[in-house]
2 protein chains.
Amino acid sequence: MRPTLKDVARHSGVSIATIDRVLNQRPGVRQEMVDRVETAMAQLGYVRDISAADLSRRQASRFVFVIPDGPNSFMQRLAAEIETLRQFPSNNRMEIVLHKVPPFDGGALARVLNQLNPDTCSGVAVVAAEAIAVRDALARLKALSLPVVTLVSDVPAFPRDAYVGIDNVAAGRTAARLLGRFLGERKGKIALVAGSMLVRDHVERRMGFEQVIAETPGLDCLPVLEGRDDSRLVQRMLKECLSSHPEIVGLYNMGAGNRGLIETLSALPPTRRPQVVVHELSEHSRLALNEGLVDAIIHQDAGHEVRSALRILKARIDKTPLLQGQDQIRIEIYLNENLPSATS
Amino acid sequence: MRPTLKDVARHSGVSIATIDRVLNQRPGVRQEMVDRVETAMAQLGYVRDISAADLSRRQASRFVFVIPDGPNSFMQRLAAEIETLRQFPSNNRMEIVLHKVPPFDGGALARVLNQLNPDTCSGVAVVAAEAIAVRDALARLKALSLPVVTLVSDVPAFPRDAYVGIDNVAAGRTAARLLGRFLGERKGKIALVAGSMLVRDHVERRMGFEQVIAETPGLDCLPVLEGRDDSRLVQRMLKECLSSHPEIVGLYNMGAGNRGLIETLSALPPTRRPQVVVHELSEHSRLALNEGLVDAIIHQDAGHEVRSALRILKARIDKTPLLQGQDQIRIEIYLNENLPSATS
DNA sequence: CTGAAAGCGCTTACAG
DNA sequence: CTGAAAGCGCTTACAG
C-alpha cells in the first residue's frame, strides 16, 4: 500500500493538519516542522491522493470555455464536445461552462473574459483572437492566477499557460506536400480558399502551404479567396475562379465552407476536376472523399482538444504533472482508406 | 450540488447501506425497497461518485498487461508506455502489472493467462495470438468474469470485451493508396516486407494492401519477404530482392525491422530508390522520412492504446459508460511535414 | 504555530 | 432483510 498522510504523521511525529499545511504550501509553519515533514515524505515516497483531496475539499472546480459562435462547423463540433464532457457522469466534482461569443470580435471576447474571476471560475480555455483587448484580458486572468489555455487558435505573444491545438504552419505544409505528391509531374495553378486572412490559423496555414509550393517547380498559388466560412460565398467565388483559370490543377481549402466547395466540384466535368485537399472531417467532407471529389482531409480532433485542455487546467490547479504525449494534438491526414468509423 | 446517497436516503426513507446494496446490485433486498430506492434515484438524478467509491473500497484494482517480448520495437514502445503509466502518480488506487511472454508462442501466452485469477487481478489487456490454448485461456477469464481487452492484435473469434488497436486491413489499404498516389503514372513491381505471415495483423495488412494494388493498373506485388522483425534478415532479403528485380518502384514494410530496410535503401543510388511506406514512427523511421528515404509512415499511438485499454477495463468494472470516440485508435499517416515534435 | 475532530461520498463489516 | 457506525485519504474550521 502507498503511504498516506497518516504514515507521514507517524514517521515525522507531526500532526496531519500540519503536514497538510506543508503539502499545500500554506503559511504559518516553522521551518523545522517543514523540514521534518519533507524528509518523512521523501523517505516514504509519499504521493498525494488527488481524488481524496478533491473529495474533502467539497468545492468543485469550474472550467470555463469561451469559443466563437457562428456557422463554422469546426467550432460547432468543439461546442458539442464540450457539451458531451459537461454531461459526462464520471467527471464528478468538475463543472464545465461554455460561453459563446461573436466570431471575429476581439472586443466581445475580451468582455466575457473580463467577467471571470476566481470565485466563479477555476480555469479558462479560450479560442483566442488577436486583439489588444484580448491580451489585456488574458493579462488580468494571469494576475488573478487563473490558469488559461488557448484552444485551436493561439496567440503566442499573449500570456497563457499552454496552447492546445495543431501547428497550423505545419498543417499548411502537410496539405501542400500531399497535393504536390498527388499531382506528380502535372503543372499548373493552385486555388486557395480561406475563411478570413484576419484569423491567425488561416494565415499560418497559408504561409506553410506557400512555403512548400514555392519549392515545387511547375506549381503556383493563386491569390486567396476569402470565403468567410460561408458555403454560398465560397461556392460563388470558387466557381468564378475555376472558370477564369482553366490552368488550375489543385485546390486547398484551409477554412470552413466545404459544402459550397464540394457542390462546385461536383458540378465540374470529371476530367476538369483538380486535386483537392480540405480541412476538417465532417459528414460532408467524408462523403466527398468517398466520392473522389476530395483527395485528402487534414483534421484535428475536437474531442481530444477539449479533453486535453481540461487535463492541462486541472494539472495546473493540482500542481500535478502531465502524461508525456497525451496532450499533443496531431495533424491527422485522412484518405478514403483510413477514415474512422462514421459514428465517432 | 449533485445529490448524494444521503439525499437518496432522505428522499426514499431507506438507509444508506441498503441503497448501496441496490446500487451495487447485491442480493438480499426486498423488491419494495429496491423500487423505492430506484424511484428516488431517478427523481433526484443521482449519479454515483466513482472516485469516492474507489476510495472507500480501499482495495486497488490491478490491471495486468501481457505483451510479447523480443526485438519488435513497437512492442518495446508499448512496454515503455505501460511502465510510464504504472509509475504515474495520479493513477492512485490502480496498480499495473506487466508480463512479457516469448513472441509467436501461443502456449507460453496461455500459460501466463491461466495463472491469473480475480484475487490478484481485476482486468487483463493482452496482445492476442491465434492459438487454441489462447482461446481457452480467454474463455477461462471470461468464466471468472474478468474483463479482457485485446491489444494491437485482435482475434475477433475469441472471447474478449473489446479490441484496442487499429483495423489492419484498413491500414494496409491506406499504405497501398498512398503508394499508388505517390507513384502516379509509374508502373512496376512492389516489394512487400512482413514480420511473419503467421501473425494476424501482418496478414490483414497484406490483404488490404493487395486489394488496393489489384485495382491499380500497372502495379503488381512481389511475394512477401518474411523478415521476422529482424533488421539483419530484412536487410539481406531486401537487398537481394531489389537487385534481382530492377522493375521495383514501390516498397511496403508492414512489420518491424525498419532499420535494415533503411540501410538497404540508403545504399541504393538515388535514381533507383523506390517509393516507400513503412509502419511505426520511431527514431529511425523519422530520420529516414527526413532524408527522403521513406515517403510516408503509417502509425498507431502506443500510449493511446495503453490508456484506452485501461479506461475500457476500468469502465467495465465500474459499469460506467465510455466517452464516445476517445478510445478509437486512429490509423495515423505521417509525412515529413506533420511529424509530431521529437520528444513525444 | 500546532493539533484534534468533523466531514467529503462512498463501502464494509457487524448487529439486530 | 435492514441499519448504525467506522473508515478510505484528504481538508477545513475551530481550539488552544
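Predicted model, so just to flag it, every value in this text is computed and none were measured. So you know, we letter chains A, B, ... as the sequences are listed, proteins then strands, and number each from 1.
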Quick note, side-chain hydrogen bond (donor to acceptor under 3.5 Å, both in side chains) partners involving residues 106-124 of chain A, not counting sequence neighbours, are none

Side chain to side chain donor-acceptor pair (under 3.5 Å) involving [X] - partner list, sequence neighbours excluded:
| X | answer |
| --- | --- |
| B:Gln31 | B:Asp35 |
| A:Ser12 | none |
| A:Glu38 | none |

My understanding is that only residues two or more places apart in sequence, or in another chain, count here; which of them pass side chain to side chain contact (heavy atoms under 4.5 Å, CB included) with [X]?
| X | answer |
| --- | --- |
| A:Gln87 | A:Glu83 |
| A:Ala9 | A:Ile16, A:Ile19 |
| A:Asp54 | A:Ile50, A:Arg57, A:Arg93, A:Lys314, A:Asp318 |

Quick check for you: among [options], whose closest atom lies nearest to any side-chain atom of [X]?
| X | options | answer |
| --- | --- | --- |
| B:Ala53 | C:dC10, D:dC10, D:dT2 | C:dC10 |
| A:Thr18 | C:dC10, C:dC1, C:dG3 | C:dG3 |
| B:Arg57 | C:dC1, C:dT12, C:dG9 | C:dT12 |
| A:Arg30 | C:dG9, D:dC1, C:dT2 | C:dT2 |

In numerical order, the residues of residues 5-14 of chain A whose heavy atoms come under 4.0 Å of DNA chain D are A:Leu5, A:Lys6

The dot-bracket string of DNA chain D, counting Watson-Crick and G-U wobble pairs with both distances under 3.5 Å, using [ ] for crossing pairs and | for pairs to another strand, is |||.||||||||.|||

Round to a whole Å and report the spacing from [atom1] of [X] to [atom2] of [N].
| X | N | atom1 | atom2 | result |
| --- | --- | --- | --- | --- |
| B:Arg48 | C:dG9 | CZ | P | 15 Å |
| A:Ile16 | D:dG9 | CD1 | C1' | 8 Å |
| A:Arg36 | C:dC1 | CZ | P | 16 Å |
| B:Leu55 | C:dC8 | CG | P | 14 Å |
| B:Leu23 | C:dG9 | CG | P | 15 Å |
| B:Asp54 | C:dC10 | CG | C1' | 10 Å |
| B:Met41 | C:dC10 | CE | C1' | 14 Å |
| B:Asp318 | C:dC10 | CG | C1' | 13 Å |

Under 3.5 Å between N/O atoms: give me all the protein pairs with nucleotides 13-15 of chain C, atom names plus distance.
none

Look at all strands and tell whether B:Val47 reaches a base, only sugar-phosphate, or nothing, counting heavy atoms closer than 4.0 Å.
sugar-phosphate

Applying a 4.0 Å non-hydrogen cut-off, can you work out what A:Asn24 is touching in the nucleic acid: base, sugar-phosphate, or nothing? sugar-phosphate

Hey, does the side chain of B:Arg26 come within less than 4.0 Å of D:dC1's phosphate (OP1/OP2), counting only N and O? no

N/O (side chain, B:Ser56) to phosphate O (OP1/OP2, C:dG9) under 4.0 Å | no

Residue pairs meeting salt bridge (Lys or Arg N to Asp or Glu O under 4.0 Å), one or both in residues 156-166 of chain A, sequence neighbours left out, come to A:Asp154-A:Arg160, A:Asp161-A:Arg316

So salt bridge (Lys or Arg N to Asp or Glu O under 4.0 Å) across residues 140-152 of chain A, not counting sequence neighbours, yields none

key: Salt-bridge criterion met for B:Arg330 and B:Glu332 (N-O under 4.0 Å)   = no

Check: Side chain of B:His304, backbone of B:Gln326: donor and acceptor closer than 3.5 Å?
Finding: yes

Compare all side-chain heavy atoms of B:His99 with those of B:Val64 and state whether any distance is below 4.5 angstrom. yes

